[in-house]
There are 2 protein chains.
Amino acid sequence: MNAGRTARERARAELTREITEVARRQLGTEGAGGLNLRAIARELGMVSSAIYRYFPSRDDLLTALIIDAYNAVGEAVERADAAREPDDHAGRWRAVCHAVRDWALAHPHEYALIYGSPVPGYHAPADTVAPAMRDTVVYGRILASAHAAGALTPPDGFPAPPASFSGDAEAVRQVMPGLPDDLVARAIAAWTGLFGFVSFELFGQFANVVDDRAALFAHTVDTLGRLVGLPAAATG
Amino acid sequence: MNAGRTARERARAELTREITEVARRQLGTEGAGGLNLRAIARELGMVSSAIYRYFPSRDDLLTALIIDAYNAVGEAVERADAAREPDDHAGRWRAVCHAVRDWALAHPHEYALIYGSPVPGYHAPADTVAPAMRDTVVYGRILASAHAAGALTPPDGFPAPPASFSGDAEAVRQVMPGLPDDLVARAIAAWTGLFGFVSFELFGQFANVVDDRAALFAHTVDTLGRLVGLPAAATG
DNA sequence: ACCGAACCGAGAGCACTGCTCTTGACACTC
DNA sequence: GAGTGTCAAGAGCAGTGCTCTCGGTTCGGT
């Protein structure tokens, strides 16, 4: 997309990219909130006010980083999913979950930026919602395809969702078409459970409690997958 | 604990309390990171440097607030648990989960402070670990007592945790004695799932997706409770 | 080829932050 | 009552996000 246009525009695009790059590195060492326009400018050998030619405010820079982060985790998830055989639904689920955790462990501050507490005073603009959905879409696709293939055999003995849930279930079915209400509810529980685990691990809630987090995570993923009806013991 | 001592010491304790109180209110409107020593001083009619007589740094004030928040949620959970009949394990589980969510919804910024992304540059001192355990201890006590009463009938068809998990399970059994490894693993999944749900709800991940969050939460709590073996349909 | 307009970086400056240091007044202890 | 430790106040430092103005460069239309 960078091909044509004037020299000025190419320089602008290049500098914009450099700014976000330095900002992302600064985010990696300092965390959000420690994001420092003047330090970015210093590292780029320019003056702080020049940054404002490219980002009208600190929040706009943050928004760019948030979108990047959503896209990064979304891409990681998509790649992990694509690497599996399409009808290996349990394998895809497992791969996707581990992709989320691996990405989070590799980019803790970016994970915190999108799945941690919202930055004070910052309110996400509409541009973020599409990238924010990428991983969820993949997740829904896996379950929908598993359900369509008749590969979901959810364990019973679990309560049914209340009738009032059917409206929300219908909305969620946009990303996982065909699933009945009770499986939609379980899918949400599994999805939030996944991120709950990763957040606990990343934010230090497991300190001095769980040591072999990788093993427990793998087992938790299997348990949550089983909850939505994926087959229990596959090869991996 | 405030009874004796000199007037000076009482004044000091009083002012310390007032500072944390104003800080907590400021936290509620601005969120952490927006916590502003000068504004606190202004509201108290004193000069900013005077604050440093009571808290050596902004981080120490934050630590006090974190401890307060852990204690607040811990107390809410303890109260919810105590209000139920001791052998109504499903009811206690449900009450505890709803207490967590209710408290979080009532104090979103304080929840974010302790269960959201860690504050940049801040590292929790040891004083925080005991208050941080209060809710977990209650949770473990419920499951342990349910297990001891033979009230846990976990659904089967779920995978067993790997043998390597037994070490961690032994450690976790300090707060839920008697539970077998597989139930310890499921208990952690349920606990992280609970906070994953609350975090998703509070941090905006459910926006435009789930509408009737209270209903879905109640059902998720029942589902997670069933996962660890609590009876499915009780009166509530 | 030129010329006005748009864009650019530099720099000064504003209001604000956390934090430090010094000063003079007060309260408590002996 | 003298001496000592504690206190709030104030000035000040280094740093922040952001605004505005200033010359220089580049672009697009004529």
Side-chain angles (χ1 to χ4, degrees), chain A residues 2-20 22-27 29-66 113 119-123 125, chain B residues 2-20 22-27 29-66 113 119-123 125:
Chain A
N2 192 356
R5 313 327 321 178
T6 72
R8 180 127 81 191
E9 277 174 334
R10 266 183 291 118
R12 182 180 180 80
E14 173 68 13
L15 239 177
T16 307
R17 201 189 51 75
E18 275 187 45
I19 291 173
T20 62
V22 172
R24 180 160 38 243
R25 185 164 60 248
Q26 198 179 98
L27 185 88
T29 64
E30 304 285 330
L35 203 150
N36 186 329
L37 289 198
R38 291 178 117 107
I40 296 173
R42 231 174 283 130
E43 187 165 338
L44 257 46
M46 65 202 311
V47 104
S48 74
S49 59
I51 301 278
Y52 288 84
R53 298 275 176 204
Y54 301 87
F55 293 94
S57 81
R58 189 178 173 279
D59 274 7
D60 291 81
L61 217 191
L62 219 61
T63 300
L65 292 179
I66 288 176
L113 194 60
V119 180
Y122 172 84
H123 222 79
Chain B
N2 193 354
R5 313 326 322 181
T6 72
R8 178 124 86 188
E9 276 173 336
R10 266 184 291 117
R12 180 180 183 82
E14 175 67 14
L15 240 179
T16 307
R17 201 188 51 75
E18 275 187 44
I19 291 174
T20 63
V22 172
R24 180 161 36 245
R25 187 166 57 247
Q26 199 180 98
L27 186 87
T29 65
E30 305 283 330
L35 205 151
N36 186 328
L37 289 198
R38 291 177 118 109
I40 296 173
R42 230 173 284 131
E43 188 166 336
L44 257 48
M46 65 202 311
V47 106
S48 74
S49 58
I51 302 275
Y52 289 84
R53 297 270 174 207
Y54 301 87
F55 293 94
S57 80
R58 189 178 170 280
D59 274 8
D60 290 83
L61 217 192
L62 219 61
T63 300
L65 292 179
I66 288 177
L113 195 61
V119 180
Y122 172 84
H123 222 77

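The chains referred to below are lettered A, B, ... by the order of the sequence lines, with proteins before strands, and numbering in each begins at 1.
- Within 4.0 Å (heavy atoms only), B/Ser48 reaches at least one base atom of the nucleic acid.
- If you check every strand for non-hydrogen atoms under 4.0 Å, B/Tyr54 touches sugar and phosphate atoms only.
- When the P atom of C/dG18 is taken as reference, atom CG of B/Asp59 falls 11 Å away, rounded to whole Å.
- Taking only side-chain nitrogens and oxygens, B/Arg12 comes nearer than 4.0 Å to OP1 or OP2 of D/dC7.
- Between B/Tyr52 atom OH and D/dT6 atom P the separation is 20 Å, expressed in whole Å.
- Residue B/Leu35 is classed as a sugar-phosphate contact, given heavy-atom separations below 4.0 Å to backbone atoms only.
- Separating the CD atom of A/Glu9 from the P atom of D/dC27 is a distance of 9 Å, rounded to the nearest angstrom.
- Taking 3.5 Å as the limit, the base of D/dA8 and the side chain of B/Ser49 contain no donor-acceptor pair of atoms between them.
- Using a 4.5 Å cut-off on side-chain heavy atoms (C-beta onward), B/Asn36 and B/Glu30 make no contact.
- Inter-residue side-chain proximity for A/Met46 and A/Leu15 is flagged as met; some heavy-atom pair is nearer than 4.5 Å.
- Checked against C/dC19, D/dC7, D/dG10, the side chain of B/Arg53 finds its nearest nucleotide in D/dC7.
- Using modelled atom types, one finds no donor on one side chain facing an acceptor on the other under 3.5 Å when comparing A/Thr63 with A/Asp60.
- The interatomic distance linking A/Glu30 (CD) with D/dG17 (P) rounds to 12 Å, in whole Å.
- Put simply, A/Asn36 has no side-chain N or O that comes within less than 4.0 Å of OP1 or OP2 on D/dG15.
- Within the 4.0 angstrom heavy-atom criterion, no nucleotide atom of any strand lies near A/Leu44.
- Atom CZ of A/Arg38 and atom P of C/dG11 are 13 Å apart (whole Å).
- Comparing atom distances between the A/Arg8 side chain and each of C/dC19, D/dT26, C/dT23 picks out D/dT26 as nearest.
- Atom-to-atom distance recorded for B/Ile19:CD1 and B/Arg24:CZ is 12.5 Å, nearest 0.5 angstrom.
- Look at B/Glu14 and B/Arg17 and you find a salt bridge, because one of the NZ, NE, NH1 or NH2 atoms lies within 4.0 Å of a carboxylate O, short of that distance.
- Here the C1' atom of nucleotide C/dC7 and the CZ atom of A/Arg10 are 16 Å apart, to the nearest Å.
- Across the interface with DNA chain D, nearest-nucleotide mapping of A/Ala7 and A/Leu37 shows A/Leu37 to be the residue nearer the 5′ end.
- Atom pair B/Arg42:CZ and D/dA9:P shows a separation of 14 Å (rounding to whole Å applied).
- Whole-Å rounding puts the A/Asp60 CG to D/dG17 P distance at 14 Å.
- B/Leu15 comes within 4.0 angstrom of sugar-phosphate atoms only, judged by non-hydrogen atoms across all strands, and of no base.
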